Amino acid sequence: MVRVNLCGIELKNPVIMASGTFGFGREYSAFYDLSKLGGICTKGLTLEPREGNGGRRVHETPMGMLNSVGLQNPGVAAFIERELPFMLGLGTAVIVNVGGNEPEDYIESINLLNKTGADIIELNISCPNVKKGGMAYGIKSKVAHDFVREIRKHCKKPLMVKLSPNAEDITDMAAACADAGADALSLINTLKGMAVDIAARKPVFDNVFAGLSGPAVKPVALRMVYEVCKAVKIPVVGLGGISNAADVLEFIMAGAACVQIGTANFVNPMAGAEITGELPELMDSLGIKNLDEIRGVL
Amino acid sequence: MKYSRAEIISNDKITEGIYSMKVTAETESVKPGQFYMLQPRGELLPRPISVCEIGGGWLEFCYAVVGAGTLEFSEMRVGDEINLTGPLGNGFDMDFINKHKRVAVVSGSIGIAPFIEVCKRLTCEYECFCGFHGESYLTYRFVGRNALGTPHTKIATDNGVEGHRGLVTELFDPKDFDLILACGSEGFSKAVAQMCVKANVPLLISMDRYMACGVGACLCCTCKTVNGNERCCADGPVFKGGELLW
């Protein structure tokens, strides 16, 4: 009743762990059997290893959090050697999140990943925490279109483009990525925000700006998913503040094929297990027999 | 480590802004220097609080009220339930520590908390040096009632209300010891680490960082080390002092 086919990949359920909130799964595998999950998106990877940002990296806000991790990661080659074999043995779909600076970096990363057992590539054109690349491709639709079209030529896996809520026009952006050959879209990445340390009279973060996530962004995410689902025909994966099974159903009703869980993993390390467990029970109590029955019903 | 719900057995004010909360817990696998993520109901993220004392079926957390989350903890009552995840982090390796001849235990303010259990388990010779801001030295009288109560414990307060007036780092010379254990604020930690590096005395230091997940996944709490960024929550919180970069 909860199975989903995402770009030809069969998921046990629509619940995927979001990039940057689940590492490579190792830490959470100590808490529960990760084969319960629909899928896992890896921490954002770049061709070369990155140390990430200096200074404070997290700051709580009302029902949300700002992060400025800055794509700290071991690099694609080290990921393929050290982490991917573990992930492929988990019994859940593996979605590899790829970021970078120049298009050549992305292409080289994708060429390496093409040869692996990864299920889907999630193209990160929406990280607000790095100066070059990242969100630079995710603001203007024309830039994103040209970029995705180039990546599409090289990517032999299903290609899911992760969109930024900071895009100039989210539906125009979604249509541009779909037209350029994206197989699916995921949205929203974090909202660009900031915080001030009033005692120090300076921004909390060295980078000044940081990415806002958590329940505080959910209504915005839901609205954008709803709009994008009306604008494109490819599957849309919804994320942004989803914390329980009821939130999952809201996004599915807004038209999402499936969803990602991010910040909720920090609040409760069992979030993935609890949400996948609660979803069929909640559907049952609402008389929903399968997700297709309610998808895009609004 | 696991995510569970605990009942609060006691939650006492020790002195202004310092509290001690005892909760029910399975404690067989808990090591001194480890921590738990405690969830305030009114806040989004859980808060990392180090284990102060490990009992049979209970844990004690000594904490300072520094923001909305810890303020909420201070208002919780006996019988209330609290969600927590743990034990987390590496903790202090007591077998390694007890191989030394003479150990200095150095704390800054609420950094005294993890050393209550550590001192209970020290079998080597040791001395304690505890620094406090003003009246918060009363933390020492309460939580240090037995464990830290060696005749050799020295106190420093910034206003001289108890013990030495000045910094705790003025109370000891690392060269008198073959291992230093430390926990305190960022400024305190940096000062102690620099003293130990200069004196070429090994240091184990428990670091404090803002955290989100607490389990090693989010990379929000990294410390810069000679081995690159390490996660305070999963690779620490106890680091070799000489490996940290400031």
Side-chain angles (χ1 to χ4, degrees), chain A residues 17-32 40 42-44 49-74 129 204-205 210-211 213-216 241 243 262-274, chain B residues 1-5 29 34 36-48 66-72 82-90 185-187 207-235 245-246:
Chain A
M17 299 299 109
S19 178
T21 67
F22 214 70
F24 303 110
R26 284 187 195 277
E27 291 78 17
Y28 291 97
S29 69
F31 288 92
Y32 62 96
I40 299 173
T42 68
K43 168 73 189 159
R50 286 200 189 179
E51 282 285 291
N53 293 336
R56 271 278 287 278
R57 288 183 166 189
V58 60
H59 176 79
E60 185 163 337
T61 62
M63 289 314 284
M65 61 173 272
L66 288 159
N67 91 79
S68 179
V69 174
L71 288 183
Q72 179 182 329
N73 79 92
N129 290 329
V204 167
F205 297 104
S213 65
S243 305
T263 304
N265 290 305
F266 305 155
V267 178
N268 173 358
M270 297 293 293
E274 290 183 6
Chain B
M1 60 181 164
K2 67 177 198 177
Y3 177 73
S4 57
R5 181 166 292 183
S29 65
Q34 288 191 302
Y36 280 71
M37 296 297 280
L38 272 62
Q39 180 70 59
R41 283 192 191 143
E43 300 292 307
L44 182 67
L45 297 174
R47 304 303 201 254
V66 294
T70 44
L71 178 64
E72 188 184 312
I82 185 165
N83 289 334
L84 46 82
T85 303
L88 300 166
N90 56 359
S185 66
E186 183 81 2
M207 297 294 289
D208 187 23
R209 283 284 183 279
Y210 288 96
M211 294 181 183
C213 73
V215 301
C218 72
L219 310 181
C220 284
C221 67
T222 51
C223 294
K224 286 196 180 304
T225 79
V226 293
N227 309 313
N229 280 340
E230 296 203 336
R231 302 163 299 177
C232 188
C233 66
D235 303 314
L245 301 175
W246 302 91

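Each chain gets a letter, A, B and so on, in the order its sequence line appears, and its residues count up from 1. Please read all numbers here as calculations on a predicted model, not as lab measurements.
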query = Of the non-hydrogen atoms in A/Val267 and B/Pro46, which two are nearest, and what is the gap between them?
reply =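 What the structure gives for the nearest pair is CA-CD, 4.1 Å.
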Interchain contact, B/Met37 with chain A, by part (heavy-atom threshold 4.5 Å) =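 Neither part, no heavy atoms under 4.5 Å.
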Short side-chain to backbone donor-acceptor contact, A/Arg57 and B/Leu219, under 3.5 Å =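 It does hold such a pair.
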Where B/Tyr3 and A/Phe31 come nearest, the two heavy atoms and their spacing =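 Of all heavy-atom pairs spanning B/Tyr3 and A/Phe31, the closest is N-CE2, 4.0 Å.
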query = Of the listed residues (A/Glu27, A/Lys43, A/Arg26), which shares the most heavy-atom pairs with chain B below a 4.5 Å separation?
reply =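 Max contact count across the listed options: A/Glu27.
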query = Between B/Thr222, B/Asn229, B/Thr85, which shows the greatest number of heavy-atom pairs under 4.5 Å with chain A?
reply =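 It is B/Asn229.
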ask   = Quick one: of A/Arg56, A/Met270, A/His59, A/Met65, who has the most non-hydrogen atom pairs under 4.5 Å with chain B?
value =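 Top option by heavy-atom pairs under 4.5 Å: A/Arg56.
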message = I'd like to verify something: which residue of B/Gly228, B/Cys221, B/Ala212 has the highest number of heavy-atom pairs under 4.5 Å with chain A?
response =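 Among B/Gly228, B/Cys221, B/Ala212, the one with the most close pairs to chain A is B/Ala212.
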task = May I have the step-by-step check of side-chain contact (heavy atoms from CB on, under 4.5 Å) for B/Met211 and A/Phe266, ending in yes or no?
result = CA-CA 9 Å; B/Met211 294 181 183; A/Phe266 305 155; over 6 Å; no
query = Does the pair B/Leu44 and A/Thr263 meet the rule for a side-chain contact (heavy atoms from CB on, under 4.5 Å), with working shown?
reply = CA-CA 9 Å; B/Leu44 182 67; A/Thr263 304; 3.9 Å; yes
query = For B/Leu45, does its backbone N or O pair with a side-chain atom of A/Glu60 as donor and acceptor, under 3.5 Å?
reply =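 Answer holds: yes.
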request  = Could you look at A/Tyr32 and say if it's the side chain, the backbone, both or neither that has a heavy atom under 4.5 Å from chain B?
outcome  =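 For A/Tyr32, no heavy atom lies under 4.5 Å from chain B.
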key: Per-residue contact mode, A/Pro215 against chain B (heavy atom under 4.5 angstrom)   =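 Side chain only.
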